[in-house]
Amino acid sequence: MQLLMFYLLGFGAVISALLLVTNKRPVAAAMSLITVMLCLAGLYVLLDAHLIAALQIIVYAGAIMVLFLFVIMLLNIEEKSGRLSNRKIALQFVGILVVGATLIAVAGLIKISPAQVTDGFGTTEAVGKMLFTDFLLPFEIASILLLAAIVGAVILAKRRIDD
Amino acid sequence: MVSLNSYLILGALLFSIGAIGVFTRRNALIIYMCIELMLNAVNLTFVAFSKYLGNMDGHIFVFMIMTVAAAEAAVGLAIIIALFRNKETVNVDAINLMKG
């Protein structure tokens, strides 16, 4: 059952990712990306990462993708050709294929037998406890980063006063 | 039981597809989406290792990556809006002001 779910979600993610890369229209590409994220959320549930699965849907598929769709809507881009850039494209393509094949080969070599999963692995309680004890400083720094991002986004996107 | 290798191979596949998108597409918005896809592939690898090593540190890393991705999306999209306002295009081939 677990294997079946893995293959189902995995194939869904890969096919949606290919659709994302090949699609001409930005809105359709955004929809494929949302499908990829939903499939990944399912995989996180298979991996006992319940909090991360919920965050994946709320933050990624929810907040970030809505932001993308808003910008697509705002800019109203009509893509004239949507063609792939043809300069040096073959070289880049081959390079990425080689790197990807190497990554996959290395991934296939690693052998780790699954550890015994303790009770409450990946729940909000367990992750939250770690976040507020061992990782308190990174957590607080993340809030500063978000504040900087908010200020930066407002300053970059607002119209200049003189025009 | 799904082996760790399957998850790692899936992560590598998604990462490579994202990289192909970044290098071949010319629409800045789609390039951003492909970068998000690459970040997601890394997240999957983190969570898979976390499960198979029985150590939850990976979940914290994923949490931080999501924070950074949200910040990056907000600032990046603001930059794209500013670019579109100035150049009326989001084609990255047309944005070559700093090209030597």
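For clarity, every value in this text was computed on a predicted model and none was experimentally measured. Chain letters run A, B, ... following the sequence lines, proteins first, then strands; residues in each count from 1.
When side chains are defined from C-beta on, B:M33 counts as touching A:I72, because their heavy atoms get closer than 4.5 Å. Within the 4.5 Å cutoff, the side chain of B:M66 has heavy atoms near those of the A:I52 side chain. Side-chain contact between B:V90 and B:R26 is absent, with no heavy-atom pair separated by less than 4.5 Å. Considering only heavy atoms from C-beta on, A:F139 stays 4.5 Å or farther from A:D134 through its side chain. At least one side-chain heavy atom of A:L40 sits less than 4.5 Å from a side-chain heavy atom of A:V36.
For B:S50, the parts lying near chain A are the backbone and the side chain together; criterion is any non-hydrogen pair under 4.5 Å. Interface residue A:A30: backbone and side-chain heavy atoms are both found under 4.5 Å from chain B. Interface residue A:T22: only backbone heavy atoms are found under 4.5 Å from chain B. Contacts of A:M37 with chain B are made by side-chain atoms alone, with heavy-atom separations under 4.5 Å and no backbone atom involved. Interface residue B:L29: backbone and side-chain heavy atoms are both found under 4.5 Å from chain A. Of the atoms belonging to B:V68, heavy atoms from both backbone and side chain fall under 4.5 Å from chain A. Within the 4.5 angstrom heavy-atom criterion, no atom of A:A63 approaches chain B. For B:S6, the parts lying near chain A are the backbone and the side chain together; criterion is any non-hydrogen pair under 4.5 Å. For a residue to count as touching a neighbouring chain, one of its non-hydrogen atoms must lie under 4.5 Å from one of that chain's; by this rule A:L131 touches chain B with backbone and side chain alike. With a 4.5 angstrom heavy-atom cutoff, B:L4 touches chain A only via side-chain atoms. The part of B:F49 that comes within reach of chain A is its side chain, from C-beta onward, which places non-hydrogen atoms under 4.5 angstrom from that chain. Only the side chain of B:M64 comes within less than 4.5 Å of a heavy atom in chain A; its backbone stays farther off. With a 4.5 angstrom heavy-atom cutoff, B:L10 touches chain A only via side-chain atoms. Contacts of B:V47 with chain A are made by both backbone and side-chain atoms, with heavy-atom separations under 4.5 Å. Using a 4.5 Å cut-off between heavy atoms, A:V14 contacts chain B through both its backbone and its side chain. A:L20 touches chain B through backbone and side chain together, each having a heavy atom under 4.5 Å away. With a threshold of 4.5 angstrom between heavy atoms, A:F121 approaches chain B through its backbone and through its side chain. For chain B, the nearby part of A:L33 is the side chain; its heavy atoms alone come within less than 4.5 Å.
Contacts of residues 122-130 of chain A with chain B at a heavy-atom distance below 4.5 Å involve A:G122, A:A126, A:V127, A:M130, listed in sequence order.
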Apply the test side-chain contact (heavy atoms from CB on, under 4.5 Å) to residues A:L136 and A:E140: give CA-CA distance (whole Å), side-chain angles for both, the deciding distance (0.1 Å), then the verdict.
-> CA-CA 6 Å; A:L136 185 60; A:E140 297 296 343; 4.0 Å; yes
In sequence, state the C-alpha distance, the side-chain angles, and the governing distance for A:L75 and B:I81, and then conclude on side-chain contact (heavy atoms from CB on, under 4.5 Å).
-> CA-CA 7 Å; A:L75 296 189; B:I81 290 179; 4.2 Å; yes
Show your working on side-chain contact (heavy atoms from CB on, under 4.5 Å) between A:L69 and A:M31 and close with a plain yes or no.
-> CA-CA 9 Å; A:L69 287 174; A:M31 291 302 159; 4.0 Å; yes
Should A:Q56 and B:N40 be marked as a side-chain contact (heavy atoms from CB on, under 4.5 Å) after you check the CA-CA gap, both sets of side-chain angles, and the distance that decides it?
-> CA-CA 9 Å; A:Q56 173 85 7; B:N40 268 290; 2.8 Å; yes
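Looking at every heavy atom in both residues, B:S16 comes nearest to A:G100 through OG-CA, 3.3 Å. Counting all heavy atoms, side chain and backbone alike, B:N27 lies closest to A:P26 at ND2-CG, 3.8 Å. Closest approach of B:A78 and A:A157 over heavy atoms only: CB-CB, 4.0 Å.
For the options B:D57, B:N5, B:T45, heavy-atom pairs under 4.5 Å to chain A are most numerous at B:N5. The candidate with the highest count of non-hydrogen atom pairs below 4.5 Å against chain B, out of A:L103, A:L3, A:I64, is A:I64. Taking A:A17, A:A13, A:G95 one by one and counting their heavy-atom pairs under 4.5 Å with chain B, the maximum is reached by A:A17. Most heavy-atom pairs under 4.5 Å with chain A: of the set B:V22, B:T67, B:I20, this distinction falls to B:I20. Per-residue counts of heavy-atom pairs under 4.5 Å with chain B were compared for A:A49, A:S32, A:S143, A:G152; the largest is that of A:A49. Interface remark: of the candidates A:L145, A:I150, A:V59, A:L145 forms the most heavy-atom pairs closer than 4.5 Å to chain B.
In the hydrophobic clustering (ILVMFWY side chains linked at under 4.5 Å, chained through shared members), A:V66 is joined by A:F70, A:M73. Connectivity analysis of hydrophobic side chains (ILVMFWY, heavy atoms under 4.5 Å, direct or indirect) links A:I141 to A:L137.
A centroid separation of less than 6.0 Å is found between the aromatic rings of A:F6 and B:Y7.
In this structure, B:F46 and B:F61 have parallel ring planes: the angle between them is below the 30° cut-off, well short of the 60° mark.
Applying the ring-ring contact (aromatic ring centres under 6.0 Å, His included) rule to A:Y44 yields no partners; only residues at least two apart in sequence or on another chain are considered.
In this structure, CG on A:N23 lies 11.5 Å from CG on A:L18, to the nearest 0.5 angstrom.
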